[in-house]
A.B. asks: 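I am attaching a structure below and will ask some questions about it afterwards.
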Amino acid sequence: MADVFKIARIALDVPLPRCFDYLLDGVTKSDIGKRVKISFANREKVGVIVDCVNETDVPTAKLKTVESVLDAEPLLTEDVLSLLRFCSQYYQYPLGATLFTAIPSRLRQVNAFKPDVSVYYQLNHDGMTALASLKKSAKAQLLLRDRLLQPAGKDELKWLASTANNIIKKWLEAGWLDEVAVPASQAMIVGEKPLLTHEQKAAIEQIAFNGFQTALLFGVTGSGKTEVYLQLVEKALQQKKQVLVLVPEINLTPQLFQRFAKRFPSIRIAALHSNVSDAERASEWLAAKRGDREIVLGTRLSVFAPLPHLGLIIVDEEHDAAYKQQDSLRYSAKHVAVVRAKQANVPIVLGSATPSLEMWSQAIEGKFDLLPMTRRAVDAAVLPTIGIVDTRKRYAEDGLSAELLAAIGDRLHRKEQSLVFINRRGFSPVVFCDACGWQAGCQRCSARLVLHRAQRRLICHHCGWGLPAMSACPDCGNQDLKPIGAGTQRLEEALETHFPNARVLRVDRDAMRLKGSWEAAQAQIMDGEADILIGTQMLAKGHDFPLLTLVGVINADVSLHSADFRATEKLFAQLMQVSGRAGRAGLPGQVLIQTGFPDHPVFEYLTRHDFQGFAEQLLTERQLCEFPPYSFQAILRAEASRVELALEWLQAAKSLGLRDGARWLDQVEVFDPVPALMVKVDQKERAQLLFQSKSRVTLQKFLSEWSYLLYDMPLKGGHWTLEVDPIDI
DNA sequence: AGCACGCCGACT
DNA sequence: GTCGGCGTGCTC
């Protein structure tokens with residue numbers, strides 16, 4: 001018989017670094033992970049049992065009794081719980097708050113969640129035949145058709161296409177759709193497979209499927225990484241295992257979902273990301289937990305999905321910063337994924353064309369397996385030629401060099417598409433008075449206001465504050481205010497002037513604000529109904545546009561003199577990524593990068609497509625300076641009404657650390673509190689304190705002994721956070 | 001995080 | 001004389 005206890009230790013969704021004890025007669029270790037209903041500070045709350053004991057320091061009079069146990073079986077099973085315990089400890093975040101981030105919101109509530117009430121739709125045989133040859137421009141129908149190879153809920157379909165309701169209705173009436181209550185398990189069917197390149201074959205063969213293994217799939221754009229994922233997934237599925245696939249952002253899920261659904265039409269895939277409704281997410285989460293979903297495909301939070309038969313983890317676009325959560329539990333999903341693979345004793349494959357230095361260094365040191373794929377899978381597709389345009393020669397107000405204009409003109413002539421990439425929304429980032437030196441600044445942030453000419457407003461990109469654009473300088477009355485520099489809107493205007501007959505399409509957050517406009521824009525680009533695209537980050541990732549053969553990059557150097565030591569690493573990855581948009585389908589691609597620093601080494605490596613050489617050089621630098629990945633960092637950030645208060649608080653926190661963590665101090669470097677690079681954001685002034693150590697373990701020990709003391713140091717009128725392995729310093 | 005308890009300004 | 005401002009302190 002199992003040991004029986006009297007007291008349950010319960011984790012709650014409160015920002016306190018401890019658990020709370022409640023009486024629960026007959027509680028056993030097998031109850032760990034179950035949810036309970038309790039009264040906490042005179043309020044009903046849901047908690048999770050994390051331990052059971054017979055003795056506690058809490059005075060007996062204070063102990064309350066658990067009102068009810070909500071689960072027959074633990075909602076958080078042992079494997080997920082131990083992963084979350086690791087996260088709580090590693091990221092110095094309270095256990096309760098950590099556990100509750102991993103639980104779908106519907107299951108955090110006191111009211112019981114009734115899963116599987118929603119109807120699932122699936123395309124039947126008639127439907128597949130009828131919809132086999134849709135027009136390319138019927139974007140919504142195409143998306144829905146491909147998704148409906150697998151059972152799908154209404155909410156998710158509506159997210160895929162805003163017109164889903166009407167289309168579903170039509171297809172139901174035509175008898176092309178079946179309503180399925182619960183997606184049924186079937187024998188595995190594998191769709192058509194392409195021939196593999198030698199490199200793809202070699203990569204697949206290196207995954208042994210006999211225990212924990214970390215592999216870095218280093219594949220240039222177009223080398224066929226997805227096909228490698230698919231064949232590895234097939235192997236795992238053959239062993240009746242579940243597969244976890246992580247993608248950096250929701251925009252990339254539909255694409256990958258289609259590939260998976262087409263290849264494995266009988267396999268049930270759960271899509272877990274923030275655009276799936278709460279009810280559907282909870283329902284899919286529970287289905288995965290029952291083993292009723294063979295594949296879970298989702299964004300970073302999916303790394304905590306319950307998978308009783310986990311057999312493989314895939315992390316696509318491993319270098320992407322979106323894997324790092326930037327609030328509450330500040331975890332790195334790819335790091336957690338590696339820990340999960342280790343705990344579950346399964347292989348993990350991380351793919352990227354420009355791996356993070358952190359992963360790359362592990363691979364070349366032999367700690368991870370390196371799976372290189374340096375050739376494009378389509379024979380005819382060659383790597384684009386990359387040219388550097390020196391913008392010091394001639395200053396162009398609109399940001400467009402003569403070389404780039406000529407190349408665009410050339411594409412127009414050949415009826416091919418051009419993409420002009422600029423990571424800056426609005427018309428111009430600076431509004432400046434020649435006469436007195438005045439600049440338009442935000443009243444709530446230490447940032448400049450960006451001119452949005454269409455709205456005739458100056459807008460702060462950090463807090464949203466703004467004011468109507470003025471025609472005269474508010475300080476000296478000068479009538480000649482100058483908008484300096486170019487954003488997407490100015491480029492749009494300039495390109496329309498240069499090429500009056502071209503169809504110019506701007507794709508940024510402002511232009512794509514309306515629902516469905518992004519889908520429409522994609523269809524427009526696919527069908528060749530646009531000649532020149534102006535895009536921000538949105539256009540850099542994912543989608544392949546077959547007619548696109550020229551990519552121009554404006555102002556590639558804004559980040560080159562940034563204080564962030566990761567700036568060049570990020571720039572290289574970003575430029576490689578946009579370059580990858582050029583010339584994928586047999587048409588040769590050209591990339592033109594405008595910069596005022598043409599001699600910077602990053603461009604030399606870039607023109608040679610030499611990631612390895614670039615990484616080697618950066619790693620040498622990092623080693624010399626003892627920067628990550630040769631050291632490990634943590635940052636304590638504080639925000640308050642005035643920066644002096646934040647600095648004072650950090651100084652006090654530092655002294656506390658110096659006293660209490662003294663025995664680690666010879667191995668942990670504690671810097672001085674400094675104001676943040678951008679001191680003021682949204683009326684709050686910020687400062688930070690950096691910790692660094694050559695040993696991850698030592699830093700962990702130091703943080704563990706010191707960080708809980710911070711909870712007893714109130715920051716009046718402010719807020720603090722501790723971040724382990726920060727990526728923005 | 002909530003929320004209650006607790007001492008000082010402008011209102012019926 | 002009260003209503004209410006949000007400063008500190010607690011939650012098993």
Side-chain angles (χ1 to χ4, degrees), chain A residues 4-29 31-71 76 81 84-85 87-88 91-111 278 301 325-331 636-642 644-646 648-649 652-653 656 682-686 707-723:
Chain A
V4 173
F5 298 86
K6 287 183 296 199
I7 297 165
R9 196 144 275 176
I10 289 164
L12 294 164
D13 193 9
V14 286
L16 300 170
R18 61 173 180 274
C19 293
F20 293 84
D21 293 340
Y22 284 79
L23 295 167
L24 180 60
D25 227 26
V27 65
T28 70
K29 298 277 181 194
D31 294 316
I32 291 175
K34 289 181 186 175
R35 290 169 304 159
V36 290
K37 191 160 93 176
I38 44 104
S39 156
F40 178 76
N42 290 321
R43 269 162 298 133
E44 293 265 280
K45 264 191 163 303
V46 172
V48 174
I49 304 177
V50 290
D51 203 359
C52 30
V53 290
N54 279 320
E55 300 292 328
T56 171
D57 294 341
V58 182
T60 327
K62 274 192 167 182
L63 283 180
K64 290 186 192 167
T65 307
V66 168
E67 281 176 39
S68 62
V69 179
L70 298 171
D71 298 308
L76 296 176
L81 208 50
L84 289 164
R85 280 202 163 99
C87 288
S88 165
Y91 293 108
Q92 307 293 326
Y93 202 66
L95 181 62
T98 306
L99 300 192
F100 276 85
T101 36
I103 299 175
S105 59
R106 284 294 168 94
L107 301 171
R108 286 178 218 164
Q109 288 151 24
V110 184
N111 316 347
D278 285 351
L301 198 56
Q325 178 140 73
Q326 294 291 15
D327 61 309
S328 56
L329 173 63
R330 295 171 167 255
Y331 65 106
L636 181 63
R637 299 176 213 270
E639 57 172 50
S641 52
R642 287 180 303 115
E644 292 79 14
L645 287 172
E648 252 167 54
W649 186 87
L656 203 63
D682 211 0
Q683 305 282 36
K684 288 274 187 324
E685 302 196 345
R686 303 143 351 130
S707 74
Y708 72 95
L709 298 166
L710 299 173
Y711 289 87
D712 296 325
M713 278 183 50
L715 205 188
K716 30 193 185 306
H719 188 70
W720 60 267
T721 52
L722 179 58
E723 178 158 5

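We name chains A, B, ... by the order of the sequence lines, and we start the count at 1 in each one. Just so it is clear, the values below take in all heavy atoms, side chains as well, and ignore hydrogens, waters and symmetry mates. Fair warning: this is a prediction, and the values are worked out from it, not measured in the lab.
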A.B. asks: Contact class for A:F40 vs. all strands (heavy atom < 4.0 Å): base, sugar-phosphate, or nothing?
C.D. replies: base

A.B. asks: In whole Å, what is the span from the NZ atom of A:K45 to the P atom of C:dT11?
C.D. replies: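 The distance from NZ of A:K45 to P of C:dT11 comes to 15 Å, rounded to the nearest Å.
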
A.B. asks: Look only at the side chain of A:W649 and the backbone of A:M713, and say whether a donor-acceptor pair between them is shorter than 3.5 Å.
C.D. replies: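 Yes, the answer is positive, given that a donor and an acceptor are paired below the 3.5 Å cut-off.
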
A.B. asks: Can you work out whether A:N42 or A:P15 has the more 5'-proximal nearest nucleotide on DNA chain B?
C.D. replies: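 Upstream on the strand: A:P15.
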
A.B. asks: Near A:K684 NZ, under 6.0 Å, is it more than 12 heavy atoms from other residues, nucleotides or ligands?
C.D. replies: no

A.B. asks: Whole Å only: how far is the CZ atom of A:R43 from the C1' atom of B:dA4?
C.D. replies: 10 Å

A.B. asks: Whole angstrom is fine here: how far is it from CZ in A:F100 over to P in B:dA1?
C.D. replies: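 That distance rounds to 16 Å.
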
A.B. asks: Over how many whole Å does the gap from A:I10 atom CD1 to C:dT11 atom C1' extend?
C.D. replies: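 The answer, rounded to whole Å, is 14 Å.
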
A.B. asks: Base, sugar-phosphate, or nothing: which does A:R9 touch, judged by heavy atoms less than 4.0 Å apart?
C.D. replies: nothing

A.B. asks: May I ask you to say what A:S39 touches in the nucleic acid, namely base, sugar-phosphate or nothing, with a heavy-atom cut-off under 4.0 Å?
C.D. replies: sugar-phosphate

A.B. asks: Rounded to the nearest Å, what distance is computed from the NZ atom of residue A:K64 to the C1' atom of nucleotide C:dC10?
C.D. replies: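 Atom NZ in A:K64 sits about 11 Å away from atom C1' in C:dC10.
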
A.B. asks: Describe the nucleic acid contact of A:L16 in one word from base, sugar-phosphate, nothing, applying a heavy-atom distance below 4.0 Å.
C.D. replies: base

A.B. asks: Knowing that exactly one of A:R85, A:R9, A:K29 qualifies, which makes a salt bridge (charged side-chain N to carboxylate O under 4.0 Å, His left out) with A:D51?
C.D. replies: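 When salt bridge (charged side-chain N to carboxylate O under 4.0 Å, His left out) is applied between A:D51 and each of A:R85, A:R9, A:K29, only A:K29 qualifies.
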
